[in-house]
Each structure stands twice: as C-alpha cells, then as structure tokens.
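Scroll down for the structure; my scribbles are underneath it.
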Amino acid sequence: MPRAFFARPVLEVAHDLLGCVVCAGPVSVRLTEVEAYQGLDDPASHAFRGPTPRTQVMFGPPGFLYVYFTYGMHWCANLVCGPNGTASAVLLRAGEVIAGHEVARQRRPAARVDRDLARGPARLAGVLGLTGTDSGADLCVRGGPLSVMAGSTVDSAAVRNGPRVGIRVATERPWRFWLDGEPTVSTFRPGVLRKRTNAQTGRSKLK
DNA sequence: AGGACGATTAACT
DNA sequence: GTTAATCGTCCTC
C-alpha cells in the first residue's frame with residue numbers, strides 16, 4: 001500500500017485494513033481483527049508517555065513497522081499510521097492464512113489447526129516471522145520484511161468494533177475492529193487488574 | 001539499582 | 001474455567 005494509505009487517521013486505517021493481505025515471504029494472511037492505538041492521546045498506547053528507544057518508530061512517519069516484545073516471550077506487530085508525529089499505530093491482532101501454509105506451520109508448530117495459525121497478535125507476528133529486528137522497517141518499499149496489499153472487497157456492514165483486548169486503561173474506547181463471523185477473531189478478554197504496590201504508587205515512604 | 005508489569009499463549013483442571 | 005512461563009522496559013527510589 002502507498003504511504004498515503006497509512007497517513008490517514010488511525011481509526012480510518014484500522015477499519016480499512018480489515019480484509020487486506022499482509023505478506024512475509026511465502027506466507028500471506030488476510031486480516032480479520034486489528035486494534036487502533038492513538039499515540040499521545042491514548043493512555044493504552046506504548047507511545048502515551050512520550051518517545052523511548054523502543055517506541056521511537058511510532059513517532060516517525062506512517063507506513064513503518066513497530067514490533068514489540070511482551071510477556072518475556074512474544075512479539076507483536078503494529079503498523080505506524082496517522083500524520084507524522086501522532087505516534088498512532090494499528091496492532092495486527094488476527095487473520096486467516098491464505099498462502100504459504102507449510103512455512104506458516106513451521107513457524108508456529110504449536111498450532112493444532114490452520115485456523116489457529118494467526119489467531120491472536122503473537123501468533124500472527126509469529127506466522128509472519130516478525131521479531132524485534134524487523135521493527136522500524138519501511139512497509140512501502142519492495143524487499144522489506146512485510147508488505148500490505150488490498151484484498152477482496154469487504155462489506156462495511158460486516159465490520160464490527162468494540163473495546164480493545166487485554167488492556168487495563170482506556171477500556172471504554174471501542175477501537176478494536178473485526179470482521180463479523182470470522183473464526184480467526186480472538187475472543188474478548190478484559191485486562192487483568194492487579195493490585196498496585198507501594199513502589200508503583202510512589203507513596204511507600206512517609207513524608 | 002530494584003521491582004512491577006505486560007496490546008499473550010499453551011497447558012492444565 | 002485457571003495459571004505458569006519469562007524478560008525487556010520503564011517507573012520509582
């Protein structure tokens with residue numbers, strides 16, 4: 001896709017990414033579920049507290065890949081969107097593998113059925129073979145680790161949206177988008193609430 | 001320098 | 001339905 005596709009408001013891009021096809025080597029995935037993160041205006045975004053070495057790519061121009069490591073074992077992939085500097089991105093949450101099944105199964109041996117190959121953000125990044133070394137890659141040049149292409153037309157009436165999965169803040173923002181009835185869409189799960197500790201509140205010691 | 005937590009998954013009961 | 005795995009990142013002191 002041209003950079004102008006990613007340069008639009010992130011909610012618009014998230015909606016339009018459904019049905020698009022992402023390709024990494026021989027593996028192609030048709031996107032069925034994504035989430036929008038609106039940078040500095042979104043407490044749930046990694047970019048909310050300003051740029052860090054990890055999130056620097058989000059603060060650059062749209063059309064680049066942001067890959068992060070989480071839970072000590074998983075990679076997740078985002079596409080940087082919106083006007084330059086807004087630090088917005090779309091998390092690729094799930095999709096249907098439509099080509100390269102053999103390589104996809106090698107990359108994700110734990111998947112028991114093909115439906116599970118790219119069901120969930122870490123599985124999707126895994127099936128695409130993306131890791132931290134791919135973060136910062138340009139999506140709009142040939143030969144990169146990931147390319148995004150238009151898929152078959154999606155009926156806008158099939159697009160649903162609702163709260164994002166697994167987050168503890170900004171839970172009221174309905175910025176998760178998915179295709180109704182797709183078996184690869186992950187089930188909703190609220191963020192796990194944990195008790196705040198003294199160290200986190202910064203109030204452990206008396207003043 | 002120390003510690004809490006995570007845009008999750010797989011393997012359990 | 002529950003929970004362990006596992007470590008980079010970032011906040012706090």
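Every chain is numbered from 1 and lettered A, B, ... according to where its sequence line falls, protein lines coming before strand lines.
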Map every base of DNA chain B to its dot-bracket character, where paired means a Watson-Crick or G-U wobble contact with both distances under 3.5 Å and | marks a partner outside the strand.
-> ||||||.|||||.
Which listed nucleotide ([options]) is nearest to the side chain of [X]?
{"X": "A:C76", "options": "B:dT8, B:dG6, B:dA11", "result": "B:dT8"}
{"X": "A:A110", "options": "B:dA7, B:dG6, B:dA10", "result": "B:dA10"}
{"X": "A:R168", "options": "C:dC10, B:dT8, B:dC5", "result": "B:dC5"}
{"X": "A:R123", "options": "C:dA5, B:dA10, B:dT8", "result": "B:dA10"}

In whole angstrom, what separates [X]'s [atom1] from [N]'s [atom2]?
{"X": "A:E33", "N": "B:dT8", "atom1": "CD", "atom2": "C1'", "value": "13 Å"}
{"X": "A:R49", "N": "B:dG6", "atom1": "CZ", "atom2": "C1'", "value": "13 Å"}
{"X": "A:N78", "N": "B:dT8", "atom1": "CG", "atom2": "C1'", "value": "14 Å"}
{"X": "A:H46", "N": "C:dC10", "atom1": "NE2", "atom2": "C1'", "value": "11 Å"}
{"X": "A:W178", "N": "B:dA7", "atom1": "CH2", "atom2": "C1'", "value": "16 Å"}
{"X": "A:F48", "N": "C:dT9", "atom1": "CZ", "atom2": "C1'", "value": "17 Å"}
{"X": "A:M58", "N": "C:dC10", "atom1": "CE", "atom2": "P", "value": "12 Å"}
{"X": "A:H74", "N": "C:dA5", "atom1": "NE2", "atom2": "C1'", "value": "8 Å"}

Indicate, with a heavy-atom threshold strictly under 4.0 Å, whether [X] touches base, sugar-phosphate, or nothing.
{"X": "A:R108", "result": "sugar-phosphate"}
{"X": "A:F69", "result": "sugar-phosphate"}
{"X": "A:R54", "result": "sugar-phosphate"}
{"X": "A:A44", "result": "base"}

Side chains of A:S186 and A:E33, donor plus acceptor under 3.5 Å |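 Judged by distance alone, the side chains do pair up.
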Could you say whether A:V192 or A:S186 is positioned toward the 5' end of DNA chain B, judged by the nucleotide with the nearest heavy atom to each?
->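 Its nucleotide being nearer the 5' end, the pick is A:V192.
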N/O (side chain, A:T52) to phosphate O (OP1/OP2, C:dC10) under 4.0 Å =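 So the side-chain polar atoms of A:T52 do come within 4.0 Å of the phosphate oxygens OP1 or OP2 of C:dC10, strictly under.
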Does A:D116 come within less than 4.0 Å of A:R108, counting only side-chain N to carboxylate O?
->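 No, A:D116 and A:R108 are not salt-bridged.
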Is A:D42 salt-bridged to A:R164, going by a charged N under 4.0 Å from an acidic O?
->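 Salt bridge present between A:D42 and A:R164.
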Ignoring hydrogens and geometry, is there a side-chain-to-backbone donor-acceptor pair from A:E35 to A:L92 under 3.5 Å?
->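 No, the answer is negative, given that no donor and acceptor are paired below the 3.5 Å cut-off.
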Side-chain (A:S88) to main-chain (A:Q38) donor-acceptor, under 3.5 angstrom |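 Not a single qualifying donor-acceptor pair exists.
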Residues which pass ring pair (Phe, Tyr, Trp, His ring centres under 6.0 Å) with A:F69, listed by chain and number, not counting sequence neighbours =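 A:F69 satisfies ring pair (Phe, Tyr, Trp, His ring centres under 6.0 Å) with A:W75 only.
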Would you state whether a donor and an acceptor, one from the side chain of A:Y68 and one from the base of B:dA7, lie under 3.5 Å apart?
->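 A donor-acceptor contact between them is present.
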Could you go through the salt bridge (charged side-chain N to carboxylate O under 4.0 Å, His left out) check for A:E182 and A:R119 one step at a time?
-> CA-CA 10 Å; A:E182 289 287 341; A:R119 188 184 192 214; over 6 Å; no
Roughly how far, to the nearest 0.5 Å, is CG of A:L31 from CG of A:L79?
->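 Rounded to the nearest 0.5 Å, the CG-CG separation comes out at 8.0 Å.
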